[in-house]
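Notes follow the structure.
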Amino acid sequence: MSDRDPQPVERQLPTEEARDLLALVRDIAQREIAPKAAEEEDAGRFPREIFTLLSESGLLGLPYSVDYGGGEQPYEVYLQVLEELATARLTVGLGVSVHTLASYALASYGTKQQKVEHLPAMLGGGLLGAYCLSEPSSGSDAASLRTKAVRDGDGWVIDGTKAWITHGGIADFYTVMARTGEDGPRGITAFLVPGDAPGVSGAAPEKKMGMKGSPTAQVHFDGVRVPDDRRVGEEGQGFSIALSALDSGRLGIAACAVGLAQAALDEAVRYATQRRQFGRPIADFQGLRFMLADMATQIEAGRALYLAAARLRDAGRPFAKQAAMAKLHCTDTAMKVTTDAVQILGGYGYTADFPVERYMREAKVLQIVEGTNQIQRMVIARHLAGPEGR
């Protein structure tokens with residue numbers, strides 16, 4: 001490797017254990033994930049065996065308690081793991097983030113009995129989760145969801161359709177927000193629904209412009225019966241649980257966006273230092289040098305922003321505003337950096353022979369999922385100026 005080739009990211013990690021963990025993740029990413037990424041994304045193949053490997057390696061429950069099979073790592077470490085995975089393949093990094101999001105409700109609001117019964121399998125037993133909040137007619141306005149859960153004896157019957165569900169149709173468990181009471185946010189309750197429960201079915205996956213290896217589908221709940229011990233939290237607490245989960249989930253998206261942007265920058269640097277025009281590498285031309293410098297600066301700023309938010313979370317301090325800022329900045333950065341990477345590669349960047357065109361297609365979804373970037377601006381503005389329409 002020449003001294004102008006991309007170098008591994010220099011990370012500030014709190015412990016030797018964390019450094020060993022990141023070394024393990026980087027090894028798995030380089031050896032098992034990255035080599036197959038382009039081929040499998042083109043074929044629309046979900047790498048379930050990779051998630052099995054990650055589970056066996058203790059990487060699917062990193063921020064949760066070791067008492068229930070988790071890794072009990074601080075968020076600043078967990079997010080850097082996500083970043084490394086997303087650099088190798090966004091489908092994997094985002095999939096781990098979604099699984100962590102799906103596990104959040106039970107890990108944070110479940111009873112001790114529920115945690116003992118379910119969390120070990122969710123965090124380290126090879127299971128894969130999905131998070132069900134959005135519906136065909138309630139996306140950004142999540143509090144208007146219509147999926148219903150009706151009491152029936154000592155349990156509940158769930159009916160409705162969830163939309164845009166990552167791992168929809170293949171997940172082993174779904175964290176489902178359903179209406180159990182009045183209209184609005186106070187009538188929503190959270191449930192843990194097994195993926196093989198009678199009445200649960202996934203529609204055909206959406207045909208997307210990117211992340212074709214990650215199945216996104218509607219999930220139908222047709223008379224699905226669940227016992228009351230699969231209700232998570234109190235009745236009517238589901239929406240607050242959902243919002244709390246999304247604050248943490250947005251940090252996961254931010255980390256994945258930085259990982260994707262880093263992959264695009266690495267490819268652009270690699271190409272620019274090797275491609276020669278007018279008798280010298282194109283990286284010698286100031287116009288391209290400045291593009292690379294701007295890309296690297298925005299990535300580093302995004303990494304610092306998501307880590308600052310993570311450290312607030314780890315300290316038990318409010319971090320919702322900073323999570324929204326991180327999600328906004330990092331995903332906008334990913335879109336800009338991947339687009340610039342295509343430009344640096346020129347015509348080659350527009351072909352499937354190089355990965356940057358895939359990175360650019362994948363980056364777009366990060367500005368949409370887990371709260372569009374317009375919603376993030378609303379969240380930030382509320383923290384600054386108070387609620388709208390006072």
Side-chain angles (χ1 to χ4, degrees), residues 1 3-34 37 50 53-54 57-64 66 70-90 92-97 99-100 248-270 292-315 317 319 322-323 325-327 329-331 333-334 337-338 341 359 363 366:
M1 181 165 62
D3 59 3
R4 281 164 46 168
D5 283 335
Q7 302 292 318
V9 174
E10 293 185 13
R11 302 196 178 278
Q12 296 182 6
L13 296 164
T15 63
E16 189 64 35
E17 179 187 11
R19 285 186 281 275
D20 291 342
L21 176 63
L22 264 292
L24 169 66
V25 172
R26 190 169 286 166
D27 178 66
I28 291 174
Q30 294 175 349
R31 183 167 40 85
E32 302 291 343
I33 301 173
I50 293 297
L53 173 61
L54 295 177
S57 303
L59 300 177
L60 286 192
L62 285 176
Y64 298 126
V66 69
E72 210 154 309
Q73 290 294 317
Y75 242 66
E76 70 165 307
V77 173
Y78 157 67
L79 293 178
Q80 292 184 80
V81 168
L82 283 188
E83 185 191 328
E84 288 285 349
L85 293 173
T87 299
R89 185 177 177 185
L90 184 59
V92 176
L94 189 69
V96 173
S97 181
H99 175 83
T100 303
S248 296
R250 285 165 181 161
L251 291 180
I253 299 299
C256 286
V258 169
L260 182 65
Q262 186 68 55
L265 174 63
D266 289 347
E267 187 65 26
V269 169
R270 186 178 297 109
L292 294 172
D294 286 345
M295 293 159 73
T297 300
Q298 289 302 302
I299 291 170
E300 200 64 40
R303 183 176 291 121
L305 189 56
Y306 87 64
L307 286 173
R311 288 168 185 141
L312 285 175
R313 185 190 189 280
D314 290 334
R317 296 171 58 188
F319 68 99
Q322 289 81 2
M325 289 176 168
K327 199 273 184 183
H329 174 84
C330 294
T331 59
T333 291
V337 167
T338 55
Y359 298 157
L366 298 176

Item to check | Derivation and outcome, side-chain contact (heavy atoms from CB on, under 4.5 Å), residues Glu17 and Gln73 | outcome: CA-CA 10 Å; Glu17 179 187 11; Gln73 290 294 317; 3.3 Å; yes
Next on the checklist: Show the nearest heavy-atom pair for residues Ser248 and Phe319, with the distance to one decimal.
Outcome noted: OG-CZ, 3.7 Å
Checklist entry - Are Glu267 and Tyr359 close enough that a side-chain donor and a side-chain acceptor fall under 3.5 Å? => result no
Checklist entry - Is there a side-chain contact between Leu62 and Val77, using heavy atoms and a 4.5 Å cut-off? => result no
Item to check | Flag if over 12 foreign heavy atoms under 6.0 Å of CD, Glu72 | outcome: yes
Checklist entry - Which distance, rounded to the nearest 0.5 Å, do you find between the CG of Leu90 and the CG of Leu85? => result 10.5 Å
Next on the checklist: Less than 3.5 Å apart, any donor N or O on the side chain of Asp294 or Gln298 sitting next to an acceptor on the other?
Outcome noted: no
Checklist outcome for this item: Note: Leu366 and Ala257 closest approach over all heavy atoms is CD1-CA, 3.7 Å
Checklist outcome for this item: To the nearest 0.5 Å, atom CG of Leu307 lies from atom CG of Leu251 at 9.5 Å
Checklist entry - Is any side-chain heavy atom of Glu76 less than 4.5 Å from a side-chain heavy atom of Gln12? => result no
Next on the checklist: Would you compute the distance between atom CD of Glu300 and atom CD of Glu10 and round it to the nearest 0.5 angstrom?
Outcome noted: 8.5 Å
Item to check | Where Val337 and Met295 come nearest, the two heavy atoms and their spacing | outcome: O-CE, 3.6 Å
Checklist entry - With a 4.5 Å heavy-atom cut-off, do Val81 and Leu22 have their side chains touching? => result yes
Checklist entry - With distance as the sole test, does Ser97 use its side chain to make a donor-acceptor pair with the main-chain N or O of Gly93 at under 3.5 Å? => result no
Checklist entry - Quick check: does any side chain N or O of Glu84 sit under 3.5 Å from a backbone N or O of Gln80, one acting as donor and the other as acceptor? => result no
Checklist entry - Between Ala310 and Leu79, which heavy-atom pair has the shortest distance, and what is it? => result CB-CD1, 3.6 Å
Checklist entry - Within a strict 4.5 Å, meaning less than it, do heavy atoms of the Arg11 and Arg303 side chains meet? => result yes
Checklist entry - If you round to the nearest 0.5 Å, how far is CG of Leu13 from OG1 of Thr15? => result 7.5 Å
Item to check | Minimum heavy-atom distance Thr338-Ala264, with the two atoms named | outcome: CG2-CB, 3.8 Å
Checklist outcome for this item: Between the CZ atom in Arg26 and the CD1 atom in Ile33, the distance rounded to the nearest 0.5 Å is 13.0 Å
Next on the checklist: When you measure from the side chain of Tyr78 to the backbone of Gly252, do you find a donor-acceptor pair of N or O atoms at a distance under 3.5 Å?
Outcome noted: no
Next on the checklist: For a 4.5 angstrom cut-off between non-hydrogen side-chain atoms, does Ile253 reach Leu94?
Outcome noted: yes
Item to check | Exercise: identify the closest heavy-atom pair between Ala334 and Ala261 | outcome: CA-CB, 4.0 Å
Checklist entry - Lys327 side chain to Tyr306 main-chain N or O, any donor-acceptor pair under 3.5 Å? => result no
Item to check | Other residues, nucleotides, ligands: >12 heavy atoms within 6.0 Å of Arg317 CZ | outcome: no
Next on the checklist: Once rounded to the nearest 0.5 Å, what's the spacing between atom CG of Leu24 and atom CZ of Arg19?
Outcome noted: 15.5 Å
Next on the checklist: By the definition side-chain contact (heavy atoms from CB on, under 4.5 Å), identify the one residue from Leu82, Ile28, Val96 that meets it with Leu59.
Outcome noted: Ile28
